[in-house]
Amino acid sequence: MISYFRDGRLYEAESFLSIVKPDDTECPMIAAVGAGGKTSTLRRLAEEYALLGKKAIVLTTTHMKEETTPWSCVAEEEEWISKGNELLERVKECLEQYGQAWIGARAKKGKMSCVPELILAEIESWNVPLLVEADGARMLPLKVPGEQEPVIPPQTTYVFSVYGMDALDQKLEEICFRSEKAAELLGKQPEDQVTEEDIIKLACHEQGGRKGCPKQEEYMVVLNKADTKERRDRACKIAKCLYENGIKNVFVTSYMLQ
């Protein structure tokens, strides 16, 4: 389920791309930051491109869970360097067969990291949309970025800032990555519960969801895990406030409700 906020209410959307509508001549780089559904959002975007008969590559500038799908192309960093051409051919095969490719350098604990810069530079020359997971949150629904986070490429055209609605009414210290930093930014105690106003402040703040966003990018907020009517209603309230604060692109999503 994907909805977008306009004219004081939520409207059902067929897809992200039906609302965002990147120009056909444009090769967008879309970065996902925040917590509570970055990978799911990128997966949905990759599927949307594939359904449109287009191709997209998913990668990370930090770390993300390694994909085990047929369109996954993950190898040791040394292999990307020594067998780069061979692996790039595999990426092209995935794009032709599945319409998407998830690429990365194998990391510890079932994760993958960014491919070497030379490989990334080559892929950027292919004129294929790049979907980038540019932040980490350790599977928590909320986060505040650290000093070196997020890692958003300067050529990024769209930033999707994601928040998990399951964070509401939970203790900040239990559901927020870098909770002490979040408490300082929000003027709260770590044991305080998360409110709608907290998510609004994080999404609007230059040290929160907007941190590191390139000047030319278009900023989107995704309120994910709106899996119940109550969460959807509360997400609508948040979206209204964000809209009033100048954030015109707000999505409310539930990937459980298709």
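- Partner of Asp135 under the salt bridge (Lys or Arg N to Asp or Glu O under 4.0 Å) criterion, chosen from Lys211, Arg178, Lys38, Lys143: Lys143.
- A continuous path of hydrophobic side-chain contacts links Leu186 to Ile200 [ILVMFWY only; heavy atoms under 4.5 Å].
- Hydrophobic clustering (ILVMFWY, side-chain heavy atoms < 4.5 Å, transitive): Phe16 and Val252 are in distinct clusters.
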List the steps, then state whether side chain to side chain contact (heavy atoms under 4.5 Å, CB included) holds for Ile103 with Ile123.
CA-CA 10 Å; Ile103 70 170; Ile123 285 171; 3.1 Å; yes
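- Defined by atom type and a distance below 3.5 Å, a donor-acceptor pair is present between the side-chain atoms of Trp102 and Gln100.
- Each of Val20, Val159, Ile19 was evaluated against Met220; a single residue qualifies, Val20, per the side-chain contact (heavy atoms from CB on, under 4.5 Å) test.
- Looking at Glu196 and Arg234, a side-chain N of the basic residue comes within less than 4.0 Å of a carboxylate O on the acidic one, giving a salt bridge.
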Step by step, would you call Glu122 with Leu88 a side chain to side chain contact (heavy atoms under 4.5 Å, CB included)?
CA-CA 9 Å; Glu122 170 62 24; Leu88 286 171; 3.7 Å; yes
Could you walk me through whether Glu244 and Lys240 pass the salt bridge (charged side-chain N to carboxylate O under 4.0 Å, His left out) test, one step at a time?
CA-CA 6 Å; Glu244 291 169 351; Lys240 182 175 185 295; 2.6 Å; yes
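- For Arg44 and Tyr255, the positive end is not near the middle of the six-membered ring at less than 6.0 Å and at most 45° from its axis.
- With Tyr243 as the aromatic partner, Lys248 meets the cation-pi criteria of under 6.0 angstrom to the ring centre and within 45 degrees of the ring axis.
- Counting heavy atoms from C-beta outward, Trp126 and Ile57 have side chains that approach closer than 4.5 Å.
- Residue Ala239 comes nearest to Leu223 through the heavy atom pair N-CD1, 4.1 Å, listed as atom of the first residue, atom of the second, then distance.
- Counting non-hydrogen atoms of neighbouring residues, nucleotides and ligands closer than 6.0 angstrom, the CD atom of Glu76 exceeds 12 such neighbours.
- Remark: side-chain polar atoms of Thr60 are paired, donor with acceptor, to backbone N or O of Glu133 under 3.5 angstrom.
- Considering only heavy atoms from C-beta on, Gln170 stays 4.5 Å or farther from Val194 through its side chain.
- Within a 6.0 Å radius of CG in Leu118, no more than 12 heavy atoms belonging to other residues, nucleotides or ligands are found.
- Counting all heavy atoms, side chain and backbone alike, Ala134 lies closest to Ala31 at CB-CB, 4.2 Å.
- Counted within 6.0 Å of CD on Glu184, heavy atoms from surrounding residues, nucleotides or ligands total 12 or fewer; the atom is thus considered open.
- The minimum heavy-atom distance linking Ala107 with His63 is given by the pair CB-CD2, 3.8 Å.
- When all heavy atoms of Lys181 and Pro145 are compared, the pair lying nearest together is CE-O, 3.1 Å.
- Pro116 has its side chain within reach of Ile119: a pair of non-hydrogen atoms, C-beta onward, lies under 4.5 Å apart.
- Judged by distance alone, with hydrogens and angles left aside, the side-chain atoms of Glu217 form a donor-acceptor pair with the main-chain N or O of Tyr219 at under 3.5 Å.
- Residues Leu45 and Leu42 form a side-chain contact, since some pair of their non-hydrogen atoms from C-beta on lies under 4.5 Å apart.
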Stepwise, does the side chain to side chain contact (heavy atoms under 4.5 Å, CB included) test hold for Leu202 with Leu185?
CA-CA 8 Å; Leu202 290 177; Leu185 190 152; 3.9 Å; yes
Show, in sequence, the C-alpha distance, side-chain angles and deciding distance for Glu79 and Leu87, and conclude whether the side chain to side chain contact (heavy atoms under 4.5 Å, CB included) test is met.
CA-CA 8 Å; Glu79 289 184 89; Leu87 288 168; 4.2 Å; yes
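- Residue Leu142 holds its CG atom at 10.5 Å from CE of Met165, rounded to the nearest 0.5 Å.
- Using a 4.5 Å cut-off on side-chain heavy atoms (C-beta onward), Arg231 and Asp166 make contact.
- Taking all atoms of both residues into account, the shortest heavy-atom contact from Phe177 to Leu140 is N-CD1, 3.6 Å.
- Within the 4.5 Å cutoff, no side-chain heavy atoms of Gln193 are placed close to those of Leu172.
- Put simply, the side chain of Glu191 never gets that close to the backbone of Lys171: no donor and acceptor are under 3.5 Å apart.
- Distance alone, capped at 3.5 Å, places no donor-acceptor pair between the Asp192 side chain and the Lys188 backbone.
- Annotation: the span from Cys204 atom SG to Ile247 atom CD1 amounts to 4.0 Å, rounded to 0.5 Å.
- To the nearest 0.5 Å, atom CG of residue Leu59 and atom CG of residue Leu130 are 6.0 Å apart.
- Summarising the local packing, CD of Glu14 is surrounded by 12 or fewer heavy atoms from other residues, nucleotides or ligands at distances under 6.0 Å.
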Would you check, one step at a time, whether the test salt bridge (charged side-chain N to carboxylate O under 4.0 Å, His left out) holds for Lys55 with Glu96?
CA-CA 8 Å; Lys55 303 175 178 67; Glu96 289 301 320; 3.7 Å; yes
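- If you check the side chains of Glu12 and Ser3, you find a donor sitting under 3.5 Å from an acceptor.
- With no hydrogens or angles considered, no side-chain donor-acceptor pair links Thr69 and Tyr98 at under 3.5 Å.
- The main-chain N or O of Met112 is never found under 3.5 Å from a side-chain atom of Glu66 such that the two would form a donor-acceptor pair.
- A donor-acceptor contact closer than 3.5 angstrom is absent between the side chains of Glu218 and Thr157.
- What you find for Val74 and Arg106 is that their closest heavy atoms are O-NH2, 3.3 Å.
- Put simply, the side chain of Arg232 reaches to within 4.5 Å of the side chain of Leu10, judged on heavy atoms.
- Electrostatic pairing of Glu47 and Arg43 does not count as a salt bridge here, judged by no charged N lying under 4.0 Å from a carboxylate O.
- The closest donor-acceptor contact from the side chain of Thr41 to the backbone of Gly37 lies under 3.5 Å.
- Under 3.5 Å, the side chains of Ser161 and Tyr163 contain a donor-acceptor pair of N or O atoms.
- Considering only heavy atoms from C-beta on, Val132 stays 4.5 Å or farther from Ile30 through its side chain.
- Atom CG of Leu52 and atom OG of Ser15 lie 6.5 Å apart (nearest 0.5 Å).
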Quick one: do Lys237 and Asp233 satisfy salt bridge (charged side-chain N to carboxylate O under 4.0 Å, His left out)? Show the steps, please.
CA-CA 6 Å; Lys237 175 184 175 182; Asp233 290 343; over 6 Å; no
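- Taking OG of Ser254 as the reference point, atom CE of Met1 lies at 5.0 Å (rounded to 0.5 Å).
- Between the side chain of Glu93 and the backbone N or O of Arg90, no donor-acceptor pair lies under 3.5 Å.
- A donor-acceptor pair under 3.5 Å is absent between the side-chain atoms of Thr156 and the main chain of Ile152, judged by distance alone.
- Between the side chain of Asn224 and the backbone N or O of Gly36, at least one donor-acceptor pair lies under 3.5 Å.
- We find the CG-CD distance between Leu131 and Glu48 to be 10.0 Å, quoted to the nearest 0.5 Å.
- A cation-pi arrangement, defined by a distance under 6.0 Å to the six-membered ring centre and an angle within 45 degrees of its axis, is present between Arg9 and Tyr11.
- Ring geometry for Phe160 against Phe251 counts as parallel: the plane angle stays under 30°, on a 0 to 90° scale with 60° as the upper cut.
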